Protein chains: 2
Amino acid sequence: MNYSQAMIRSEILKALAHPARVLIVHALTGGDRCVRELNALMNIDQSNISRHLAVLKRAGIIADRRDGMRVFYHLKAPCILKALKCAVEVMKNDASSRNILLQER
Amino acid sequence: MNYSQAMIRSEILKALAHPARVLIVHALTGGDRCVRELNALMNIDQSNISRHLAVLKRAGIIADRRDGMRVFYHLKAPCILKALKCAVEVMKNDASSRNILLQER
DNA sequence: GCACTATATGCGCATAAGCACATAAGGTCA
DNA sequence: TGACCTTATGTGCTTATGCGCATATAGTGC
C-alpha cells in the first residue's frame, strides 16, 4: 500500500473520528433522520450538527435527500458499522489501558 | 449510545485516522516490525514513527515487546483490518465524490 | 409579499495535531 | 568505560479542527 492510498483511507477514518459523528452514524443505523431529529437526539448545536453531517457526506459515508423543508440523511456505507464494532472490540480487549486513556482527559 | 461511549470509539478511530498510522497498521499485518524496519519501509522521520506508534499503542491497537536494542510492535486487535477494509469499500462505493475530495487537497 | 421553519455557512477564536530538529534514554559489545 | 546503534521525548512552530454566534439560504403557506 502506498501513501496516497493510505491517505484516502485515513480521510474516511478521520470523518468517523469524532464523538458527535459516531453518534450520528449510530442514529442513522435506525433509519433516515433529518437534521432536526438528530439535533433533538443529541445535545449539540444545530450548526455543528450540520457541519458534522457535511464531513460525513464529504467522506462518502452518508448521503442526503431533501423532503420539503427538511433534509434527510442516511448511511451510504453499511460497512461503517463494522468499523464502529471494531472500536468496541478494541475497547473490550484493552480495558486497562482504556481506563488510563479515560483518566488522562 | 451515550456521548462518553461515542468518545471512546472516536478515540480509537482517531488513532487510525492518519496516513502514516494506516501504513503502520498495514505493515504490521505482515508480522511484528521494529521501529527501524518501519522507518525503512516508509519515508517518514524516525521520531515521527515513534510518535505514531505511541498513538496506536495508547489506543490499544498495538503492543510492543523489547528485544535487545530494538522494540518490536505487533497488532493487538485484528479487527482493525475490518475497519480499514471498510474504508476501502466506502472509497469504491463512492468513487465520484472521492475524486472531488482528492482534487480539493 | 411576509412570517415562519429548517438547514447551511461565514467568522473569529481556542485548542489539538503534526512536523523537523536536537537530544535524551536504553541497550550492546569491544 | 567508550563508541555505537536504536528508540523515545522536549521544544518551537505551523496548520487543522471544532466551537459558538450570527446570519444566509431554501422551502412552505398565508
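Worth saying up front: this structure is predicted, and the values here are computed from it rather than measured. Protein chains get the first letters and strands the later ones, always in sequence-line order, with residue 1 at the start of each.
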Subject >> Comparing B/Ala54 and A/Val55 on DNA chain D - which has the more 5′ nearest nucleotide >> reply: B/Ala54
Original post:
If you look at every strand shown and take non-hydrogen atoms under 4.0 Å, does A/Tyr73 touch a base, only sugar-phosphate, or nothing?
Top reply: sugar-phosphate
Original post:
Does the C/dA8 base have a donor-acceptor partner in the side chain of A/Gln46 within less than 3.5 Å?
Top reply: yes
Original post:
Is any side-chain heavy atom of A/Tyr73 closer than 4.5 Å to a side-chain heavy atom of A/Ile61?
Top reply: no
**OP:** Ignoring backbone atoms, test whether B/His18 places a side-chain nitrogen or oxygen under 4.0 Å from the OP1 or OP2 oxygen of C/dC19.
**Re:** yes
Original post:
Looking at B/Arg36, does any N or O in its side chain come under 4.0 Å of the phosphate oxygens OP1/OP2 on D/dT6?
Top reply: yes
**OP:** Could you tell me whether the side chain of A/Ser47 has a donor or acceptor atom within less than 3.5 Å of a complementary atom in the base of D/dC19?
**Re:** no
Subject >> Of B/Asp45 and A/Arg66, the one whose closest DNA chain C nucleotide lies more 5' >> reply: A/Arg66
**OP:** Consider the side chain of B/Val71, meaning its heavy atoms from C-beta on, and name the nucleotide among D/dA8, C/dA8, D/dT28 that approaches it most closely.
**Re:** D/dA8
Subject >> Nearest-nucleotide comparison on DNA chain D, the residue closer to the 5′ end among A/Ala20 and B/Met69 >> reply: B/Met69
Original post:
B/Asp64 and salt bridge (Lys or Arg N to Asp or Glu O under 4.0 Å): which partner among B/Lys57, B/Arg58, B/Arg70?
Top reply: B/Lys57
Original post:
Should A/His52 be listed as having a side-chain N or O under 4.0 Å from OP1 or OP2 of D/dT17?
Top reply: no
Original post:
Taking OP1 and OP2 of C/dA16, is either one under 4.0 Å from a side-chain nitrogen or oxygen of B/Lys14?
Top reply: no
Subject >> B/Cys79 side chain reached by A/Val90 side chain, heavy atoms, under 4.5 Å >> reply: yes
Original post:
Would one find a side-chain N or O of B/Asn48 under 4.0 angstrom from OP1 or OP2 of C/dG18?
Top reply: no
Original post:
Distance check: side-chain N/O of A/Arg21 vs OP1/OP2 of D/dG18, anything under 4.0 Å?
Top reply: yes
Subject >> Side-chain touch A/Arg65/A/Val71, heavy atoms, less than 4.5 angstrom >> reply: no
Original post:
Is a donor-acceptor pair below 3.5 Å formed from side chain A/Arg51 to base D/dG20, judging by atom type as modelled?
Top reply: yes
